[in-house]
Amino acid sequence: QVQLVESGGGLVQAGGSLGLSCVASGGTISRYAMGWFRRTTGKDREFVAGIRWSGDSTYYADSVKGRFTISRDNAKNTLYLQMNSLKAEDTAVYYCAADGRLIPGRSWSSYEYWGQGTQVTVSS
């Protein structure tokens, strides 16, 4: 059983940057495609970014493409999300998740393991 713990959320002004981390324990993430999702009040989890198990392919939602970068360090069992040029509409709880397939899905239902989430608030 893989446990995921996110960190790095906080309050930032519009146009600023934040970096999120997701550390895994209880298993190695190298077996999993990984993804970041976010959720705002009253909405379902939204795909933000995904990365292949090997790290050689990445996928983004159109809303974050060019501003966010997903990466992973399998040796450190850690997933990252660098968020630049943040907008008020990026405000959400951000979750990391592990997908048992080689390529990350864009639906939350594809993922087996989830972190508890970290709040990102962007003030305008």
Walk me through it: do Lys87 and Asp90 pass the test salt bridge (charged side-chain N to carboxylate O under 4.0 Å, His left out)? CA-CA 5 Å; Lys87 306 176 181 179; Asp90 294 319; over 6 Å; no
Under the side-chain contact (heavy atoms from CB on, under 4.5 Å) rule, what do Trp36 and Phe68 come out as? Steps first, then yes or no, please. CA-CA 11 Å; Trp36 286 98; Phe68 290 13; over 6 Å; no
I'd like to know whether Arg38 forms a side-chain contact (heavy atoms from CB on, under 4.5 Å) with Ser63, so could you lay out the CA-CA distance, the side-chain angles of the two residues, the decisive distance to 0.1 Å, and finally the verdict. CA-CA 12 Å; Arg38 64 188 182 188; Ser63 58; 3.5 Å; yes
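Here the closest non-hydrogen pair linking Thr40 and Thr91 is CG2-O, 3.1 Å. Here the closest heavy-atom approach between residue Ile51 and residue Ser71 is recorded as CD1-CA, 3.8 Å. Closest of all the heavy-atom pairs between Val48 and Val64 is O-CG2, 3.4 Å. For Gln116 against Val5, the heavy-atom pair with the smallest separation is OE1-CA, 3.7 Å. Closest heavy-atom contact between Ile29 and Ala24: CG2-CB, 3.2 Å. In terms of heavy-atom proximity, Leu102 sits nearest to Ala33 at O-CB, 3.6 Å.
Met83 contributes atom CE, which lies 5.5 Å from atom OH of Tyr94 (distance to the nearest 0.5 angstrom). In this structure, Met34 CE and Tyr113 OH are separated by 11.5 Å, a value rounded to the nearest 0.5 Å. Taking CD from Gln82 and CG from Leu20, the interatomic distance works out to 8.5 Å, rounded to the nearest 0.5 Å.
Take Tyr95 and apply the ring-ring contact (aromatic ring centres under 6.0 Å, His included) test, not counting sequence neighbours, and it matches no residue.
Counting heavy atoms from C-beta on, the side chains of Tyr59 and Ile70 never come closer than 4.5 Å.
Separation of the Tyr111 and Phe37 ring centroids falls under the 6.0 Å cut-off.
Both tests do not hold together for Arg39 against Trp108: distance to the six-membered ring centre under 6.0 Å, angle to the ring axis within 45°.
In Arg106, the CZ atom is crowded: over 12 heavy atoms of neighbouring residues, nucleotides or ligands sit closer than 6.0 Å.
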